[in-house]
There are 2 protein chains.
Amino acid sequence: MDSNSKKAIRNIEDEDYIPNLSYDSVIFGFNGEQLKILILEYHNTGLFALPGGFVKRHESLDDAVKRGVLERTGLDKIYFEQFHTFGSLTRSDSDVMKRILLGNSFDLDTNKWMLDRFISVAYYALINYDKVTLKPDLLSDSINWYAIDELPPLMMDHEKMVDKALNVLRNNIEKKLVGMNLLPSKFTMKQLQQVYEAILGENLRRTTFQRRILGMNILERHEKLYQGKAHKAPYLYSFK
Amino acid sequence: MDSNSKKAIRNIEDEDYIPNLSYDSVIFGFNGEQLKILILEYHNTGLFALPGGFVKRHESLDDAVKRGVLERTGLDKIYFEQFHTFGSLTRSDSDVMKRILLGNSFDLDTNKWMLDRFISVAYYALINYDKVTLKPDLLSDSINWYAIDELPPLMMDHEKMVDKALNVLRNNIEKKLVGMNLLPSKFTMKQLQQVYEAILGENLRRTTFQRRILGMNILERHEKLYQGKAHKAPYLYSFK
DNA sequence: TTTTATTGTAACAAAATGAGACAATAAGAT
DNA sequence: ATCTTATTGTCTCATTTTGTTACAATAAAA
């Protein structure tokens, strides 16, 4: 409890954080065609991972995640929701953590708390693809969008997390109007349908979809969008 | 990290557990009429709470919960599922924990780790009401069934946990065949409907319910159940 | 044998969804 | 200007699902 008086420059101080607890985030965006998520790559390791982090002693779990998303995307008003806490004994891998620490020239001894077992609370977030300014964190080289069916191999149990996040998203799409957070404030019916299709992973019938969504009475119709294409222009909609 | 060499008899050793992490469980049972949950009362405090506990360093989160349910109900094959992790700054209340420790004649100093902030992973469990042998834990006087609409005031954020558990249960009832875990292996259609009604908190139409459930093709029909009543005897069913 | 309460299922109505069809465009091609 | 093309908004009719009512088939009591 009272060790670590000398602090290297590149260190994360364990005293500030709740031990053995982390979060990971599956951050979804939609580029108009595909559903994508943010994946980062740790320095000098070839390891790909979900953006994650630790919870400060004087910070709520939700705030820790908000902070992490803000730091990496520049967005501070996002939709996010916890979906599962991963607590198996086998999920933590101290060898992987060693590689990450060494790849960042972190001192193994000072940072040995990071080699310990971690229980991780996983969140998904839905953000506006176009408004993001990506910024790698201290430990990583890059952070980038990857289409959900073209992900690199992810470390530890992060692929399981993505799978579960997608499942939860699919179940929530009807109940929680998930689409609204992945689109700009005004959008066409086609765009909305594409979000639904990307999430559900299946094609939907255009006429039925349109009728069903309009029947929900959740959309407001605005002006038409002239795209310069040789066909009828679609209306723009926003959520009420 | 190396204190606590002297151990009082009535102590929970902090070194065995992951710090700042706990679980709480909303354990549902169905008595044939009402949906009930298990609530315990801490010694000499008048405090009512959900059964909870800590996670050992060498134990998965799920196993910790299984252990807790087993110790209190005697059941080891139960259906349970995590539904939310509560991590706000305000949820932990050291005054409440002090009352509990003092009510149990625990030493405040040796057990001060329990006064710290805790992030709690909440689970719900569905168990067979009739097969339970209730047993209070070390810290509590009693553990008892309470109908969900007749709960005593619960400490800290435990009422929020119950609300959320019920919501999740309502959403899962269609997808996960929740009913099967609250009933004996053979049951009548009426019993199944009563479970649904208790969970959803609304009355269902008998004929529609029967047709819909039978249409799912998940039930196997067995012999009739003669209840000694002056009317047609219902069939018994089990899940396939 | 009649009465009573409940069960299983059928029958029809109403609502939701599936599947096409088609007229109404924007803008490019002629 | 007119014709062509791709897409949109809406309508129609078929199919499926759900709501509602009705009714015959019991177990056991009266």
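Proteins get letters first, then strands, A, B, ... in listed order; numbering begins at 1 in each.
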message = Quick check on DNA chain C: between A:Lys232 and B:Leu236, whose nearest nucleotide comes earlier from the 5' end?
response = B:Leu236

task = Evaluate side-chain contact (heavy atoms from CB on, under 4.5 Å) for B:Thr73 paired with B:Ile127, printing each intermediate quantity in order.
result = CA-CA 9 Å; B:Thr73 66; B:Ile127 68 179; 4.1 Å; yes

query = Of all heavy-atom pairs between B:Leu89 and A:Ser60, which one has the smallest distance, and what is that distance?
reply = CG-N, 3.7 Å

ask   = What nucleic acid atoms does B:Thr188 come within less than 4.0 Å of, heavy atoms only: base, sugar-phosphate, or nothing?
value = nothing

ask   = Under 3.5 Å, is there a donor-acceptor pair between the B:Asn172 and B:Tyr124 side chains?
value = yes

query = Side-chain donor-acceptor pair under 3.5 Å between A:Ser238 and A:His222, yes or no?
reply = yes

Nearest-Å distance for atom pair [atom1]/[atom2], residues [X] and [N]:
| X | N | atom1 | atom2 | value |
| --- | --- | --- | --- | --- |
| B:Arg206 | C:dT9 | CZ | P | 11 Å |
| A:Ile213 | C:dT17 | CD1 | C1' | 14 Å |
| B:Gln210 | C:dA10 | CD | P | 11 Å |
| B:Arg205 | C:dA14 | CZ | C1' | 12 Å |
| A:Leu204 | C:dT17 | CG | P | 13 Å |
| A:Glu202 | C:dG18 | CD | P | 10 Å |

query = Taking the inter-plane angle between the rings of B:Tyr196 and B:Phe209 on a 0 to 90° scale, is it parallel (under 30°), tilted (30 to 60°) or perpendicular (over 60°)?
reply = perpendicular

Rounded (10°) bend between the five-pair end axes of the helix from C:dT1-D:dA30 to C:dT30-D:dA1 = 20°

key: Start and end of the DNA chain D segment that chain B contacts, any atom under 4.0 Å from a heavy atom   = D:dT18 to D:dA29

message = Using a distance-only criterion (donor-acceptor N/O pair, under 3.5 Å, no hydrogens), is the base of C:dG18 paired with the side chain of A:Arg211?
response = yes

ask   = When you look at NZ of B:Lys77, are more than 12 heavy atoms from neighbouring residues, nucleotides or ligands closer to it than 6.0 Å?
value = no

query = Do other residues, nucleotides or ligands put more than 12 heavy atoms under 6.0 Å from B:Lys224 NZ?
reply = yes

request  = Specify the residue among B:Thr208 and A:Tyr235 whose closest nucleotide of DNA chain D lies further upstream toward the 5′ end.
outcome  = A:Tyr235

message = Under a 3.5 Å distance rule, please check whether A:Ser25 uses its side chain to pair with a backbone N or O of A:Ile27 as donor and acceptor.
response = no

message = With rounding to the nearest 0.5 angstrom, report the CD to CG distance, A:Glu41 to A:Leu47.
response = 8.5 Å

ask   = Could you state the interatomic distance from NZ (B:Lys135) to OG (B:Ser142), rounded to the nearest 0.5 Å?
value = 15.0 Å

message = Counting only heavy atoms and a strict 4.0 angstrom limit, can you tell me which residues of residues 219-231 of chain A come near DNA chain D?
response = A:Arg221, A:Ala230, A:His231

inquiry  = Less than 6.0 angstrom from the centroid, inside 45 degrees of the normal: does A:Arg221 satisfy that with respect to the ring of A:Tyr235?
reply    = yes

